[in-house]
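One structure is given here, and the rest of the page talks about it.
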Amino acid sequence: MNIIGISCFYHDSAAVLVKDGVLVAAVEEERFSRKKHDNRFPINSIKFLLEYAKLDIKDIDYVVFYEKPFLKFERIFLNILSYYPKTLSIFRESMLSWLTDKLWIKSYINNNLPEVPMDNIFFVEHHLSHAASSFLVSPFEESAILTVDGVGEWATTTISVGKRNKIEMLKEIDFPNSLGLLYSAFTAFCGFEVNEGEYKLMGMSAYGKPKYVDKIKKLIDIYEDGSYKLNLKYFSYHYSLKKTFSKHFETLFGKPRRPETKFFTFETEYPSYFGEKPNNYEQLAEENQYYADISASIQKVTEEVVINLANEAYKVTGYDKLCISGGVGLNSLANYKILSNTQIKEIFVQPAAGDSGGALGAACYIYNTILGNERKFVMENSYWGKNYSNEEIKNFLDREKIKYEFISDDEKLFDVVTDYLISQKVVGWYQGRFEWGPRALGNRSILADPRNSNMKDIVNTKIKFREPFRPFAPSVIAEKAEEYFEIKDIDKHYPARFMLYVVKVKEDKKSQIPAITHIDGTARLQVVFYNSNPRYYRLIEEFGEKTGVPVILNTSFNLKGEPIVNTPQDAFNTFSKSEMDVLVLE
């Protein structure tokens with residue numbers, strides 16, 4: 001049985017193929033279209049799924065969409081009526097998009113995939129897709145499930161229970177009360193793009209102190225039963241497409257940060273690569289410190305709400321295992337703090353926890369829950385995209401007359417590449433199938449030596465062209481993870497495989513790996529297991545044998561504002577535009 005799951009028309013369009021209950025491939029449309037967060041129908045992704053599995057569209061038994069469009073339209077329409085005339089612009093924009101494509105998604109799918117009968121096209125509610133995307137691919141037979149995001153149809157937060165192949169929703173918080181949209185309002189206020197810059201806000205929070213928690217709690221009431229309620233006078237997302245916060249918000253918190261403002265605070269020295277220190281340095285540093293304190297404050301409040309929800313999930317289900325999904329599930333700081341502040345003992349978050357992951361959940365929900373089939377699959381790695389053979393890579397290099405060296409033996413390759421890293425070269429590392437989700441986990445990665453304290457600034461400014469406060473992740477082989485980081489029983493920590501935990505670097509190891517140690521002494525680590533990625537594992541192991549440090553600095557293989565690379569040509573173009581030193585293609 002072949003099932004295609006689809007997510008599209010909001011952001012991060014994606015498609016997945018599940019065959020007889022086992023994931024075959026999962027991809028986001030942006031990797032093919034090269035448009036970051038592409039929200040269009042994922043036709044390129046679907047073509048890849050069929051090509052990879054050697055299937056024709058007539059071989060597909062079911063196509064399933066990750067939400068229910070009519071239910072979502074109901075929420076949008078009723079919201080427009082509730083806040084009219086402020087919602088006049090929303091009405092105009094919504095009608096243009098909904099009455100052309102979004103409301104007729106079943107026909108749209110049928111037009112693009114005409115050999116799939118209309119009766120075999122299904123729809124699963126947004127937060128049910130989220131819940132299924134985590135629980136049904138987790139290692140847990142039974143668990144609590146928490147989904148938290150901006151908004152689906154009506155729901156913004158749910159608590160469910162999963163047992164074998166069934167999911168039962170127990171509690172729900174609806175729009176306009178939304179933790180995801182609260183966090184997004186502060187993302188915009190601090191000068192970052194909504195649905196893109198939330199992880200930047202999380203990174204900035206380490207440079208601040210949570211001085212404004214009391215102010216933020218004027219915006220949100222948090223209750224003992226896990227629920228919360230927003231004071232809507234501070235927000236505008238419910239009646240505006242352009243702004244997320246209102247004038248009342250600005251009266252309380254001041255003027256929004258200009259997006260182009262260079263970031264430095266009193267916590268750090270003025271970066272020399274910004275050029276000559278400006279005359280108003282102290283004023284700029286004070287302003288930046290304020291936004292860093294704001295980001296630390298909203299992060300702390302977000303963690304409080306998530307911990308409260310996790311406690312409630314434990315209380316109403318009785319399970320100390322928790323599956324998390326939805327965009328807030330990518331908040332790796334909050335994820336790890338659940339373990340030390342609740343009765344929860346184990347957590348599972350799959351790597352594409354946001355909207356793209358809904359395509360996976362929808363497909364699994366049809367196979368396992370609706371059709372009643374037992375679960376057969378656990379997501380132990382993120383490598384579900386397209387790969388390119390050495391022959392395809394060679395053909396590209398020859399065609400473009402690019403000089404290269406071919407190394408046929410992997411062990412020799414690892415020896416050469418680790419020597420480059422040790423000599424402080426920055427390496428583009430490209431191999432195998434590209435990753436599912438927003439993180440590069442060793443197949444489309446930029447690598448560097450974590451022992452060099454200057455490497456963070458070098459990679460941020462000369463390679464990635466991004467904000468200097470952004471931290472980098474360490475990739476560490478599984479057997480050494482507990483030696484370097486404050487984490488135990490590493491086999492149980494699936495989120496650590498996907499960079500979805502932020503943990504403390506051990507005190508005696510901080511000086512060994514300064515480039516991946518954030519200003520607050522933490523790191524968003526990736527634990528690498530040999531059976532999941534043997535080549536990347538061996539590269540890190542070889543680096544460790546030569547240096548005594550089995551850790552490599554890892555960041556995604558892309559430039560600021562671009563999707564992670566897909567093809568060899570994408571990799572070469574990105575390599576050419578940056579100051580990377582070495583490119584390794586397979």
Side-chain angles (χ1 to χ4, degrees), residues 28 30-37 192-193 196-197 199-200 203 259-260 262-263 271-275 385 388 393 396-397 399-405 413 416-432 434-435 438-475 499 514-516 524 526 536 539-540 543 552-586:
E28 291 165 313
E30 66 169 26
R31 302 299 179 90
F32 299 100
S33 68
R34 309 310 300 157
K35 179 183 178 183
K36 196 161 190 181
H37 301 300
F192 307 122
E193 185 181 345
E196 159 64 17
Y199 55 93
K200 298 179 185 180
E260 71 277 6
K262 291 176 179 177
F263 183 85
S272 59
Y273 45 78
F274 278 173
Y388 293 83
I393 292 167
F396 160 70
L397 295 171
R399 185 173 66 249
E400 299 299 322
K401 297 182 172 56
I402 298 165
K403 291 182 180 179
Y404 61 88
E405 177 186 359
L413 178 68
V416 170
V417 175
T418 51
D419 281 349
Y420 277 127
L421 291 168
I422 291 166
S423 64
Q424 304 310 295
K425 304 296 186 186
V426 177
V427 176
W429 177 258
Y430 176 104
Q431 63 152 358
F434 65 72
E435 295 91 342
R439 311 293 184 218
L441 299 169
N443 281 12
R444 300 290 187 276
S445 291
I446 295 172
L447 308 178
D449 187 344
R451 301 171 303 153
N452 181 350
S453 59
N454 295 321
M455 195 55 74
K456 175 176 176 287
D457 291 338
I458 291 169
V459 178
N460 260 332
T461 58
K462 293 187 176 182
I463 312 299
K464 299 280 283 187
F465 308 117
R466 68 180 198 176
E467 300 85 356
F469 64 83
R470 301 267 297 278
F472 290 112
S475 294
M499 289 187 194
I516 59 80
R524 181 168 51 101
Q526 177 201 358
Y536 191 43
L539 181 73
I540 303 168
F543 183 82
I552 285 180
L553 182 154
N554 173 17
T555 187
S556 56
F557 199 153
N558 66 307
L559 301 181
K560 182 181 177 183
E562 295 181 357
I564 297 174
V565 300
N566 170 13
T567 67
Q569 183 168 348
D570 296 337
F572 183 77
N573 288 344
T574 299
F575 172 74
S576 302
K577 291 175 184 175
S578 73
E579 293 184 37
M580 264 183 277
D581 301 292
V582 182
L583 175 60
V584 182
L585 299 170
E586 278 293 335

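One is the number of the first residue; the rest follow in order along the sequence.
For the atom pair NZ of Lys456 and OG1 of Thr555, the computed distance is 11.0 Å after rounding to the nearest 0.5 Å. In this structure, OH in Tyr430 is found 7.5 Å from CD in Glu586, a value given to the nearest 0.5 Å. In this structure, the separation between OG on Ser445 and CZ on Arg439 is 12.0 Å, given to the nearest 0.5 Å. Atom CZ of residue Phe575 and atom CD1 of residue Ile463 lie 9.5 Å apart, to the nearest 0.5 angstrom. Put simply, CZ on Phe472 and CG on Asp457 are 8.5 Å apart, with the number rounded to the nearest 0.5 Å. Considering CG of Leu559 and CD1 of Ile446, their distance stands at 7.0 Å, rounded to 0.5 Å.
Between Leu447 and Val417 there is no side-chain heavy-atom pair separated by less than 4.5 Å.
Listed for the Arg34 side chain is no donor-acceptor partner under 3.5 Å among the backbone atoms of Glu562. With Ser578 contributing its side chain and Met580 its backbone, the two residues share a donor-acceptor pair below 3.5 Å.
Minimum interatomic distance between Gly203 and Pro471 (heavy atoms only, all atoms of both residues): CA-CD, 4.3 Å. Closest approach of Ala571 to Leu585, counting heavy atoms only: CB-CD2, 3.9 Å. Taking every heavy atom of both residues into account, Met455 and Ala515 meet most closely at CB-CB, 4.0 Å.
Legend: residues meeting side-chain contact (heavy atoms from CB on, under 4.5 Å) with Asp449, ordered by chain and number and at least two apart, are Gln424, Arg451, Phe543. Lys425 meets the side-chain contact (heavy atoms from CB on, under 4.5 Å) test with Tyr420, Ser423, Asp581, Val582; sequence neighbours excluded. The side-chain contact (heavy atoms from CB on, under 4.5 Å) test applied to Pro474 returns Phe485, Ile516, Ala523, Leu525, Val551, not counting sequence neighbours. Considering only residues two or more places apart in sequence or on other chains, Glu196 meets the side-chain hydrogen bond (donor to acceptor under 3.5 Å, both in side chains) condition with Lys36, His37, Tyr199. Among residues two or more places apart in sequence or in another chain, the ring-ring contact (aromatic ring centres under 6.0 Å, His included) test is passed with Phe572 by none. Evaluation of the side-chain hydrogen bond (donor to acceptor under 3.5 Å, both in side chains) rule for Gln431 yields Asn443, Asn533, Arg535 as partners, not counting sequence neighbours. When the side-chain contact (heavy atoms from CB on, under 4.5 Å) test is applied to Ser556, the partners found at least two apart in sequence or on another chain are Ala440, Lys464, Asn558, Ile564. Among residues two or more places apart in sequence or in another chain, the side-chain hydrogen bond (donor to acceptor under 3.5 Å, both in side chains) test is passed with Gln526 by Ser475, Asn554.
Listed by first and then second residue, the side-chain hydrogen bond (donor to acceptor under 3.5 Å, both in side chains) pairs involving residues 564-574 are Tyr388-Asn566, Thr567-Asp570 (not counting sequence neighbours).
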### Query
How far apart are the C-alpha atoms of Leu539 and Trp429, what are their side-chain angles, what is the distance that settles it, and do they pass the side-chain contact (heavy atoms from CB on, under 4.5 Å) test?
CA-CA 10 Å; Leu539 181 73; Trp429 177 258; 4.1 Å; yes

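Under the 30°/60° scheme for interplanar angles, the aromatic rings of Phe469 and Phe192 are found to be tilted.
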